[in-house]
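Below: one structure, written as structure tokens.
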2 protein chains.
Amino acid sequence: MHTDPDYSVAYVVIDTDSGLKGFGLTFTLGKGTEIVVCAVEALAGLVVGKSLQEIVNDFRGFYRLLSSDSQMRWLGPEKGVIHFATAAVLNAVWDLWARAEGKPLWKLLVDMDPKQIVSCIDFRYITDALTEEEALAILVKAQEGKQQREDQMLKEGYPAYTTSCAWIGYSDQHLKQLCTDALKSGWTKFKVKVGADLEDDKRRCRIIRQMIGPNATLMIDANQRWDVAEAISWVTSLAEFKPLWIEEPTSPDDILGHAAISKALAPLGIGVATGEQCHNRVMFKQFLQASALQFVQIDSCRLGSVNENLAVLLMAHKFQVPVCPHAGGVGLCELVQHLILFDYVCVSGSLSNRMCEYVDHLHEHFTSPVVICDAHYMTPKDPGYSCEMLESSVQKHQYPEGDVWKVHMNK
Amino acid sequence: MHTDPDYSVAYVVIDTDSGLKGFGLTFTLGKGTEIVVCAVEALAGLVVGKSLQEIVNDFRGFYRLLSSDSQMRWLGPEKGVIHFATAAVLNAVWDLWARAEGKPLWKLLVDMDPKQIVSCIDFRYITDALTEEEALAILVKAQEGKQQREDQMLKEGYPAYTTSCAWIGYSDQHLKQLCTDALKSGWTKFKVKVGADLEDDKRRCRIIRQMIGPNATLMIDANQRWDVAEAISWVTSLAEFKPLWIEEPTSPDDILGHAAISKALAPLGIGVATGEQCHNRVMFKQFLQASALQFVQIDSCRLGSVNENLAVLLMAHKFQVPVCPHAGGVGLCELVQHLILFDYVCVSGSLSNRMCEYVDHLHEHFTSPVVICDAHYMTPKDPGYSCEMLESSVQKHQYPEGDVWKVHMNK
């Protein structure tokens, strides 16, 4: 479905009078990034001139100001381009806040009082699944053991899986080489892209399963290629390779379709994972209500930043569904590691069936890139939300003035 | 929720070598229109240089080209800003096609072979509810009596209801005056905006019901103000005024929420209507599958133009749910009248519980404005899709060069 991506970001820098800056971004696939930038500029008027304190003192109100502007909400509400822009702006605000506190974002969250956490969440349209009181109770309950879990994360990091080994089109030899290298580096959980050609899917799944052995974890990802009936029959044909989940079997909007697929695949021991294109908390609420997914894949840029992701983490906990974040692209690993650390320390308290996606590219553009060690995300220590880009990368890649683009345009 | 709209459009004009032009638009609430324009410009590259014949010979393929560009679909898919832009561009293509055939859009559709109609529809993600074969069978079956229904529409027009009488904040006297005038003009179906203040809602519903009598139709519209439980209790409090439907009781994304509301209100004889912010056919499919609405409100600009609306009309027919289009804003009445005429003549064959929204403003900007007579939409006769604007209106209102804006900016 995304055959020809040109990984990009809409990059937001918030300047303040004190000299402190906040950096935020949202990931895109290339064309259309200028549309998100245009939306960021439209939202800027709601941010510029406010103090950080004023914003975070009523973060729920500020979230609603951006997501429910009475004219711009028509363009969503809370979905698509306008919501990507909201995410980019709010990511920069959260980065600024964490820097102002001298903490990495996950630590800012972990140190927050449960009441302050819930005060960042807009509960509109989700109270039939999770009330503010229930959210608070979850957070208060999870205070127990919090310090041990934080210490554990600082020591061990958060478990990750790799998507880098088995893209569509890789030859046997290439697959085996990548898999061998990954196994040597300590990876035990592998995702295979499927859905273009069933025989080729079988070939690649067979090789990967043989390489990793019966006990390692294999997942498959169809990137929305199928209708409901086709998804069920195709995945059934791949059941022999014992995938833990089928990811994005159909349209990201199709809650009832995912529920039907979940029901059909449950007897085969295969779960359904989705979320990277799930556009807001109202959709996640229904996926959970309908038992339409067994793995919640949050995204740090499609949802309305930390604020909306907090709501989803808490709903997932209430429904007892594990969260396994989507990452990759540009900066998604850097961002989402903070959210899943918070989930473990302050919400779920569990690593069972949980892992964070990792794709090994484009980290070299960040001032505080992710650190992966023995297939774990090492807990970030630098203040902020880890999405500041190197000035040299910005200069080189900025559209249309960057050197990279000058070369393109002179062709 | 939309307290301060500044009704606007993103307006698309397609020029052709023959001199013939196509006009399309999508309606917006003001701020953010420039984002949609930016998205239209991004899509333009997929349209410019193609011939009309090339497009309409594979309209399904062209729809998918626009809606599933491998980079830009990340920004949707098929939702929000990028889908509004798709709608504006495709509306202009349909206008161009109808003009090239010398027919109003509804007549172009009515004269098309059922096979050609289904060839315009992208069935991806809806085959579990409606296959191409089922769609074709519906259209073939409805050929019976088609000519009589077309003649009837040319004579009588399509029944309408008015939303102009009972907006929030209107005084008793103002309500009574508007209602008296409307009754004199032949209106029998009235919609009342609710959800801000229960006592004020009761006041206005009571006046309207008294004025129109027990047999006229009253509907209420909450514009997404409530969570699920609040919607049920609020509407229950208004049941004494016998509304036919409650419109947009909660988030437009909340299929399961609408299903719960539908179930709770069914014993009171109140249906749920929604759709003006339902963002694509996959969502409508689920609303129908879940019995989450009893009235389908299509929108001519939020869905992917005629192509996607055809899919929704056919699904609604299969599920035996009446379609009552959303209109108002700028140009929505002009556009949607064509779709509902097609629905009656070629799909549903029924006027039972069906009516098209009408709001009496901003028609003066169009070269072929809607004509309302005795509370019916008079069937349009001019070639095209009725959304060409007067050159003088474009000049005056175009942002930021138009006179209207110069005055604003000099303030």
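In what follows, chains are A, B, ... by sequence order, proteins preceding strands, each numbered from 1.
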(message) Using heavy-atom distances under 4.5 Å, tell me whether B:D6 contacts chain A through its side chain, its backbone, both, or neither.
(response) both
(request) Side chain from CB out, backbone as N, CA, C, O: work out which of these in B:P252 comes under 4.5 Å of a heavy atom of chain A, or both, or neither. (result) side chain
(request) Name the region of B:H83, side chain, backbone, both or neither, that has any atom closer than 4.5 Å to a heavy atom of chain A. (result) neither
(message) So for atom NZ, which belongs to B:K263, do other residues, nucleotides or ligands contribute more than 12 heavy atoms lying within a distance under 6.0 Å?
(response) no
(message) Quick check on B:F27 against chain A: is it the side chain, the backbone, both or neither that has a heavy atom closer than 4.5 Å?
(response) both
(request) Could you have a look at A:G76, A:P77, A:G80 and say which one has the most heavy-atom pairs with chain B under 4.5 angstrom? (result) A:P77
(request) Heavy atoms only, distances under 4.5 angstrom: which of A:A260, A:S8, A:A39, A:G30 has the most pairs with chain B? Name it, please. (result) A:A39
(request) Considering only heavy atoms and a distance below 4.5 Å, find which of B:Q286, B:K79, B:E230 pairs most often with chain A. (result) B:Q286
(message) At a 4.5 Å cut-off on heavy atoms, which part of B:Q224 comes close to chain A: side chain, backbone, both, or neither?
(response) both
(request) Below 4.5 Å from any heavy atom of chain A, which atoms of B:A229 appear? Answer side chain, backbone, both or neither. (result) neither
(message) Please identify, among B:I82, B:V36, B:T127, the residue contributing the most non-hydrogen atom pairs under 4.5 Å to chain A.
(response) B:T127
(request) Please look at B:V37 and chain A and tell me whether the side chain, the backbone, both or neither of the residue comes under 4.5 angstrom of a heavy atom of that chain. (result) neither
(request) Please flag which part of B:A290 lies under 4.5 Å from any non-hydrogen atom of chain A: side chain, backbone, both or neither. (result) both
(request) Before giving the answer on side chain to side chain contact (heavy atoms under 4.5 Å, CB included), spell out for A:W74 and B:E276 the whole-Å C-alpha distance, their side-chain angles and the decisive distance to 0.1 Å. (result) CA-CA 10 Å; A:W74 184 259; B:E276 73 178 69; 3.6 Å; yes
(message) Quick check on B:I126 against chain A: is it the side chain, the backbone, both or neither that has a heavy atom closer than 4.5 Å?
(response) backbone
(request) May I ask you to decide if A:D4's main-chain N or O and B:Q71's side chain share a donor-acceptor pair within less than 3.5 Å? (result) yes
(request) Would you name the heavy atoms of A:K31 and B:D69 that are closest together and state the gap between them? (result) NZ-OD1, 2.8 Å
(message) Centroid separation under 6.0 Å, is that true for the rings of B:W226 and A:Y125?
(response) no
(request) Might you point out which heavy atoms bring A:L75 and B:G32 nearest each other, and give the distance in Å? (result) CD1-O, 3.5 Å
(message) Testing A:D227, A:D253, A:D254 one by one against B:K285 for a salt bridge (charged side-chain N to carboxylate O under 4.0 Å, His left out), which residue passes?
(response) A:D254
(message) I'd like to know which of A:P5, A:G257, A:C38, A:S251 tops the heavy-atom pair count under 4.5 Å against chain B.
(response) A:S251
(request) Identify which of A:R124, A:R73, A:M283 forms the greatest number of heavy-atom pairs closer than 4.5 Å to chain B. (result) A:R73
(message) Under a 4.5 Å cutoff for heavy-atom pairs, which residue among A:Q289, A:Q277, A:E78 has the most contacts with chain B?
(response) A:Q277
(message) Tell me which pairs pass side chain to side chain donor-acceptor pair (under 3.5 Å) where either residue lies in residues 32-48 of chain B, with sequence neighbours left out.
(response) B:T28-B:T33
(request) With a 4.5 angstrom heavy-atom cut-off, could you sort out which part of B:M72 is near chain A: side chain, backbone, both or neither? (result) both
(request) Nearest 0.5 Å please: distance from the CG atom of A:L256 over to the CG atom of B:D128. (result) 9.0 Å
